[in-house]
Amino acid sequence: MSSPLAVRPDHTGDGRSDHRRSGHRWTGLGVLVLAVTLVAVDATVLSLAIPSITETLRPSGTQLLWIGDAYSFVLAGLLVSMGALSDRLGRKRVLLAGSAAFGAASLLAAYAPSPGWLILARALLGVAGATIMPSTLSLIRALFPDARERATAIGIWGAGATAGAALGPLVGGVLLEHFWWGSVFLLNLPVMVLLLVFGAWLLPESRDPRPGRWDMPSVLLSMAGVIGAVYGIKEFAAHGLTSWTTPATFVLGAAALALFVRRQLRLPTPLLEVRLFRDPRFTAAVVSSLISLIGLSGVIFFMSQYLQLVRGYSPLSAGVAELPAFVGSVVGGLLTARLARRAGARRVLTVSLLVMGLGIAVLGLIRVDSAYLLIGSSFLALGTAEGVVYTLSSDLVLGTAPADKAGAASAVSETAYELGAALGIALVGSVVTALYAGSLTVPPNTDPALADQAGQSLGGAVQAAATLPGDLAGQLLTSANNAFVHGINIAAWVSAALLLASAAFARHLLRPRNNNDTNTNANTGTGTGTGTTPTAPGLPETHSEPAHH
């Protein structure tokens with residue numbers, strides 16, 4: 001059966017085909033939301049499974065961080081390349097191929113027999129996920145060429161993405177209540193089957209009509225640059241300059257990124273159009289997405305452990321405790337278009353980043369026995385604000401890019417998102433781990449092997465305490481809980497400072513244009529010539545003087 005949307009392939013990349021007149025495009029949007037929600041769920045569903053994985057596979061503290069990081073690191077390193085690949089080969093084709101690979105990698109992760117295998121499986125999930133994320137956003141461009149409809153569609157898509165990230169812990173909690181930790185990955189399989197069936201039927205094909213040649217050196221430089229630089233930062237945060245390999249890795253990664261940018265500026269058909277960053281709205285959107293995820297992901301990653309290991313919640317109870325973040329993210333994503341039309345993108349983005357900063361700062365006040373009201377209110381503020389930031393920044397990015405480069409531009413947005421998630425777990429995680437190890441007091445006469453195990457992670461301390469006599473076990477657990485909460489407190493304050501700085505940066509970049517700036521485009525919101533605040537594409541500022549066309 002042919003697709004109701006696929007009257008003919010949209011090779012222009014701008015959606016100017018019969019797709020735009022078909023009500024089925026909203027059903028097609030549902031397929032894209034399903035895809036992005038699943039990828040987002042997979043990024044966070046593991047957080048509640050960490051205690052079970054620690055008990056079963058017994059990873060070291062470093063392996064534990066890599067189990068959390070490998071997915072986002074690889075995904076971030078490949079997003080630009082995969083976004084450009086989807087522009088060339090066809091966004092629908094790449095999306096469906098990536099979905100099949102995602103299901104296969106999920107099966108491998110579910111039955112991983114060791115920490116090393118699980119890290120590898122998570123990396124393969126990142127490879128597959130890198131084909132899905134930019135394809136979904138660029139296909140929205142093909143389905144919804146009208147700016148206002150696209151803004152609504154991106155709002156729904158953004159709500160799915162942020163809700164998926166917030167829903168992960170709840171889904172994980174339900175599964176872990178009844179099954180083993182691998183079940184959180186098997187969840188992907190039936191969803192991927194549905195995505196393949198309905199995606200093949202409902203989604204149109206679109207691609208760059210003038211793709212140019214595939215530049216392998218650019219692909220390798222982008223991968224080496226992102227992964228090398230992030231790995232160097234992670235190792236420095238965790239171990240300092242104890243080894244020459246840490247600064248060397250960072251320098252090599254930074255050099256690769258510099259060469260990548262230089263090469264893109266010289267190529268007639270670059271893998272990534274880096275000149276997009278000349279647009280302050282594009283830069284503000286990318287930086288806001290990056291910083292918001294750095295601040296959010298690491299703290300949430302460790303709050304799941306706090307709820308289970310410190311407070312004694314079951315996986316399901318911990319997932320329910322994080323439910324306000326899910327509810328807030330859905331509401332925030334769906335309200336973004338209305339908020340931006342009324343208040344302008346600059347004000348909405350700035351305020352949302354401030355709210356995120358304050359929400360994380362609240363976690364700097366928690367103690368071992370803090371009331372849930374404090375924690376739940378923080379989750380609600382974080383989820384709502386992140387839903388707005390993610391949706392608005394995605395709309396800004398998509399609207400500023402040429403239609404035939406939608407995949408590559410979308411990949412930049414998703415790279416910032418996933419890179420922020422990886423950096424958040426790596427940097428915040430390293431801070432928490434270092435402060436935990438430095439603050440932990442192991443009772444005297446404890447076996448050195450158990451003392452080392454307790455110093456690796458809070459989960460290790462729980463396991464070590466289970467083998468100690470009652471009094472010693474109680475002393476170790478009390479010290480471990482206090483040390484872990486101290487690490488979360490400091491990490492929360494650092495993350496809050498980053499978000500407040502990001503709010504100031506976004507406000508500066510999205511400042512009103514001067515009256516000499518008359519280069520206007522009503523659909524992309526590049527300015528009005530009236531000195532009004534720039535707004536997101538399809539989310540025009542409400543002001544008394546109409547925009548020039």
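Computed from a prediction, not measured in an experiment: that's the story for all the values here.
Evaluation of the side chain to side chain donor-acceptor pair (under 3.5 Å) rule for Tyr436 yields no partner, not counting sequence neighbours. Taking the side-chain contact (heavy atoms from CB on, under 4.5 Å) definition, one finds that Val74 meets it with Leu78, Ala123, Val127, sequence neighbours left out. Phe484 meets the ring-ring contact (aromatic ring centres under 6.0 Å, His included) test with Phe302; sequence neighbours excluded. Residues passing the salt bridge (Lys or Arg N to Asp or Glu O under 4.0 Å) test with Arg367: none are found, sequence neighbours excluded. In terms of the side chain to side chain donor-acceptor pair (under 3.5 Å) criterion, Asn481 has no residue partners (sequence neighbours excluded). Applying the side chain to side chain donor-acceptor pair (under 3.5 Å) rule to Ser393 yields no partners; only residues at least two apart in sequence or on another chain are considered. Shown here are the ring-ring contact (aromatic ring centres under 6.0 Å, His included) partners of Phe198, two or more places apart in sequence or in another chain: there are none. Under the rule for a side-chain contact (heavy atoms from CB on, under 4.5 Å), Ser377 has no partner lying at least two apart in sequence or in another chain.
Arg511 places a side-chain N or O within donor-acceptor distance of the main-chain N or O of His508, the cut-off being under 3.5 Å. Judged purely by atom type and a 3.5 angstrom limit, Thr283 uses its side chain to pair as donor or acceptor with the backbone of Phe277. Although no hydrogens or angles enter the test, the distance criterion places no donor-acceptor pair under 3.5 Å between the side chain of Arg281 and the main chain of Leu510.
Taken to the nearest 0.5 Å, the CG atom of Leu339 stands 9.5 Å off from the CG atom of Leu392. For the atom pair Ile291 CD1 and Phe505 CZ, the distance stands at 9.0 Å (nearest 0.5 Å). Thr27 contributes atom OG1, which lies 9.0 Å from atom CG of Leu29 (distance to the nearest 0.5 angstrom). The distance from the OG atom of Ser378 to the CG atom of Leu374 is 7.5 Å, given to the nearest 0.5 Å. Atom-to-atom distance recorded for Ser289:OG and Leu349:CG is 10.0 Å, nearest 0.5 angstrom. Atom-to-atom distance recorded for Leu435:CG and Asn489:CG is 9.5 Å, nearest 0.5 angstrom.
Here the shortest heavy-atom pairing between Ser292 and Leu499 reads CA-CD2, 3.5 Å. Among all heavy-atom pairs drawn from Leu307 and Ala321, the shortest one is CD1-CB, 3.9 Å. When every heavy atom of Val388 is checked against every heavy atom of Gly332, the shortest pair comes out as CG2-O, 3.4 Å. Between Ala343 and Arg347, the shortest heavy-atom contact is O-NH1, 2.9 Å. Shortest non-hydrogen contact noted between Phe102 and Asn188 is CE2-ND2, 3.6 Å.
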Which side-chain N or O atoms in residues 350-366 pair as donor and acceptor under 3.5 Å with protein atoms at least two apart or in another chain?
unit_1, atom_1, unit_2, atom_2, d
Thr350, OG1, Arg346, O, 2.8
Ser352, OG, Val348, O, 2.8

- request: Tell me, with the steps shown, if Leu32 and Leu95 meet side-chain contact (heavy atoms from CB on, under 4.5 Å).
  value: CA-CA 9 Å; Leu32 299 178; Leu95 172 65; 3.9 Å; yes

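Identified under the side chain to side chain donor-acceptor pair (under 3.5 Å) test for residues 356-365, with sequence neighbours left out: none. The list of side chain to side chain donor-acceptor pair (under 3.5 Å) pairs with a residue in residues 490-505, not counting sequence neighbours, is empty.
Contact of the Phe185 side chain with the Arg122 side chain is registered, since non-hydrogen atoms from C-beta on lie closer than 4.5 Å. Side-chain contact check for Val261 versus Leu257: every heavy-atom pair is 4.5 Å or farther apart. By the 4.5 Å heavy-atom criterion applied to side chains, Arg311 and Ile375 are counted as neighbours.
Crowding of Phe250 atom CZ: a count of heavy atoms from other residues, nucleotides or ligands under 6.0 Å not exceeding 12.
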